[in-house]
Amino acid sequence: MKIRPRRSLLYMPGSNPRALEKARTLDADGLILDMEDSVAPDAKQLAREQIGAALEAGGYGYRELMVRINALATSWGSDDIAAIAAFPTQPDAVLIPKIDTATDVQDAIAALDAAGCPASVDVWIMAETPACILNIAEVARAHPRLKGMVMGTSDLSKDTRVRHTPDRLGFISALNLCVYAARANGLDIIDGVQLDLEDDALLEKSCEQGRDLGFDGKSLIHPRQIAAANAVFAPNEDEVAAAREIIAAFEAAQAEGKGVVVVKGRLVENLHVEMAQRQLALAEAVERSR
């Protein structure tokens with residue numbers, strides 16, 4: 001089972017050269033090199049140039065590198081795509097914001113193809129508009145090149161007037177729908193950001209909630225948030241030990257011709273073994289990335 005850890009995806013403004021340099025030393029599983037929200041209008045071209053240079057220089061190691069462009073409906077989106085297609089070194093993925101419909105996904109991928117962006121570059125989308133949430137089943141299966149989604153809860157809050165609360169109650173339906181759509185189509189999905197940089201307990205709670213809702217990791221806005229996301233979205237020692245016990249017990253039961261087994265008072269079937277195998281694969285992938 002091949003798994004790429006995506007516990008922590010950190011936004012890094014492409015117009016900030018110090019941030020792009022520092023990112024080479026951070027313990028994030030992935031970096032979102034941003035051309036959109038964190039970049040001022042008069043710095044868009046600078047961001048393109050600096051991201052291209054950073055990718056060519058390399059030094060990011062195991063980290064997955066995504067580039068978030070501006071929406072195609074803006075005056076910058078097409079130029080962003082043209083710039084990426086011309087990069088000497090391509091990112092792992094392009095992240096498309098402001099998606100409303102499946103057609104938007106298809107149009108964005110057609111624009112990447114027309115610009116000459118290699119098909120080896122994956123496509124991810126931001127799930128951040130009310131229309132996207134309502135259309136998420138169609139959006140998630142819009143194109144085979146689509147590999148994942150990142151929740152944009154800040155934009156959702158702006159457009160829906162749902163408030164950010166500690167329990168994120170107003171976002172739960174949207175978060176659930178997006179997780180289900182992702183899983184139905186074999187996509188990875190990353191939870192939205194936690195805006196409060198001072199409340200460590202709230203960050204941990206938000207990460208735990210996202211993990212329990214089924215997300216693969218957390219999008220982050222500051223390096224100090226990385227450690228919490230990495231810890232919460234990775235199996236801990238007890239979970240790894242329990243996974244190994246489940247697999248061993250089930251294999252022993254199978255050898256005796258049994259299809260189920262009881263481990264510590266709980267019934268274990270094949271589906272539990274599959275879940276345990278994924279836990280071990282994730283733990284091993286995390287260990288390899290260190």
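Since we're looking at a predicted model, the values are computed, not measured. Position 1 is the first residue of the sequence, and the numbers go up from there.
- Side-chain contact check for Leu46 versus Val39: every heavy-atom pair is 4.5 Å or farther apart.
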- Given salt bridge (charged side-chain N to carboxylate O under 4.0 Å, His left out), test Asp29 with Arg288 step by step and report yes or no. CA-CA 11 Å; Asp29 286 337; Arg288 287 195 299 270; over 6 Å; no
- For salt bridge (charged side-chain N to carboxylate O under 4.0 Å, His left out), just list the numbers for Asp200 and Arg224, CA-CA rounded to whole Å, side-chain angles, deciding distance to a tenth of an Å, and then say yes or no. CA-CA 9 Å; Asp200 293 339; Arg224 67 172 293 177; 2.9 Å; yes
- Task: Tell me, with the steps shown, if Gln45 and Glu49 meet side chain to side chain contact (heavy atoms under 4.5 Å, CB included).
- Result: CA-CA 6 Å; Gln45 180 57 29; Glu49 293 170 1; 3.0 Å; yes
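- If you take CD on Gln194 and CD on Glu204, they are separated by 12.0 Å, rounding to the nearest 0.5 Å.
- Linking Ile, Leu, Val, Met, Phe, Trp and Tyr whenever their side-chain heavy atoms come within less than 4.5 Å leaves Ile226 and Ile190 in two separate clusters.
- Hydrophobic clustering (ILVMFWY, side-chain heavy atoms < 4.5 Å, transitive): Ile99 and Ile81 are in one cluster.
- The hydrophobic clustering, which links ILVMFWY residues whose side-chain heavy atoms are closer than 4.5 Å, places Ile32 and Leu26 apart.
- A donor-acceptor contact shorter than 3.5 Å is absent between the side chain of Glu208 and the backbone of Val232.
- Annotation: the span from Cys132 atom SG to Asp104 atom CG amounts to 8.5 Å, rounded to 0.5 Å.
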- Task: Go through the steps for Leu187 and Leu146 under the test side chain to side chain contact (heavy atoms under 4.5 Å, CB included), then give the verdict.
- Result: CA-CA 8 Å; Leu187 309 181; Leu146 180 62; 4.0 Å; yes
- Message: Before you tell me yes or no, could you show the steps for Gln106 and Thr103 under side chain to side chain contact (heavy atoms under 4.5 Å, CB included), namely the whole-Å CA-CA distance, both residues' side-chain angles and the distance that decides it to 0.1 Å?
- Response: CA-CA 5 Å; Gln106 294 157 3; Thr103 300; 4.3 Å; yes
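- Using a 4.0 Å cut-off between charged side-chain N and carboxylate O, Asp34 and Lys44 make no salt bridge.
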- Steps toward side chain to side chain donor-acceptor pair (under 3.5 Å) verdict (Asn135, Thr101): CA-CA 6 Å; Asn135 295 320; Thr101 67; 6.0 Å; no
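- Side-chain contact between Tyr11 and Arg68 is present, with at least one heavy-atom pair separated by less than 4.5 Å.
- For OH of Tyr180, the number of neighbouring non-hydrogen atoms (other residues, nucleotides, ligands) closer than 6.0 Å is 12 at most.
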- Derivation and outcome, salt bridge (charged side-chain N to carboxylate O under 4.0 Å, His left out), residues Asp27 and Arg7: CA-CA 10 Å; Asp27 195 26; Arg7 301 165 297 166; 5.1 Å; no
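- Residue Arg24 comes nearest to Ala57 through the heavy atom pair NH2-CB, 3.5 Å, listed as atom of the first residue, atom of the second, then distance.
- Within the 4.5 Å cutoff, the side chain of Val105 has no heavy atoms near those of the Ile96 side chain.
- In this structure a side-chain-to-backbone donor-acceptor pair under 3.5 Å is missing from Lys258 to Ala255.
- Taking every heavy atom of both residues into account, Ile221 and Leu10 meet most closely at C-CD1, 3.9 Å.
- Nearest approach of Glu128 to Gly152, heavy atoms of both residues: CB-O, 3.5 Å.
- Between Met149 and Trp124 the shortest heavy-atom distance is N-CE3, 3.4 Å.
- Between the side chain of Ser15 and the backbone N or O of Ala47, no donor-acceptor pair lies under 3.5 Å.
- Side-chain N or O atoms of Asn236 include one that pairs as donor or acceptor with a backbone N or O of Asp238 at under 3.5 Å.
- Contact of the Pro91 side chain with the Leu55 side chain is registered, since non-hydrogen atoms from C-beta on lie closer than 4.5 Å.
- A heavy-atom distance below 4.5 Å is not found between the side chains of Leu156 and Val162.
- A salt bridge between Lys218 and Asp191 is present, with a side-chain N of the basic residue lying under 4.0 Å from a carboxylate O of the acidic one.
- Atom CD of Glu284 is separated from atom CD1 of Ile3 by 9.0 Å, given to the nearest 0.5 angstrom.
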- Item | Trace of the side chain to side chain donor-acceptor pair (under 3.5 Å) decision for Thr129 with Lys98 | CA-CA 7 Å; Thr129 71; Lys98 306 302 184 290; over 6 Å; no
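- Taking the six-membered ring for Trp and the full ring otherwise, the centers of Phe171 and His164 sit less than 6.0 Å from each other.
- Between Arg266 and His272 there is no side-chain heavy-atom pair separated by less than 4.5 Å.
- Listed for the Arg183 side chain is a donor-acceptor partner under 3.5 Å among the backbone atoms of Gly214.
- With a 6.0 Å cutoff to the six-membered ring centre and a 45° limit on the axis angle, Arg211 does not count as a cation-pi contact of Phe233.
- One hydrophobic cluster holds both Ile84 and Leu65 under the rule that ILVMFWY side chains link at heavy-atom gaps under 4.5 Å.
- The minimum heavy-atom distance linking Tyr60 with Leu20 is given by the pair OH-O, 2.8 Å.
- No donor-acceptor pair under 3.5 Å is formed between the side chain of Glu36 and the backbone N or O of Pro97.
- When every heavy atom of Ala229 is checked against every heavy atom of Cys207, the shortest pair comes out as CA-SG, 3.9 Å.
- Residues Ile172 and Leu213 have side chains in contact (heavy-atom distance under 4.5 Å, counting atoms from C-beta outward).
- Using modelled atom types, no side-chain atom of Asp122 and backbone atom of Lys147 make a donor-acceptor pair closer than 3.5 Å.
- Electrostatic pairing of Asp92 and Arg63 does not count as a salt bridge here, judged by no charged N lying under 4.0 Å from a carboxylate O.
- For the atom pair Gln90 CD and Ser120 OG, the distance stands at 7.0 Å (nearest 0.5 Å).
- In summary, Arg6 and Asp188 engage in a salt bridge, as defined by a charged side-chain N under 4.0 Å from a carboxylate O.
- Expressed to the nearest 0.5 Å, how far CG of Asp107 lies from NE2 of His143 amounts to 10.5 Å.
- The hydrophobic cluster containing Val150 does not contain Ile125, counting ILVMFWY residues as joined when their side-chain heavy atoms lie under 4.5 angstrom apart, directly or transitively.
- Of the possible donor and acceptor atoms, one in the side chain of Asp80 sits under 3.5 Å from a partner among the backbone N and O of Asn70.
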- Query: Do Ile69 and Leu95 pass the side chain to side chain contact (heavy atoms under 4.5 Å, CB included) test, and can you show the C-alpha distance, the side-chain angles, and the key distance before you say yes or no?
  - Reply: CA-CA 6 Å; Ile69 67 170; Leu95 178 59; over 6 Å; no
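- Between Leu9 and Met66 there is a side-chain heavy-atom pair separated by less than 4.5 Å.
- The line from CG of Leu175 to OG1 of Thr153 is 7.5 Å long, rounded to the nearest 0.5 Å.
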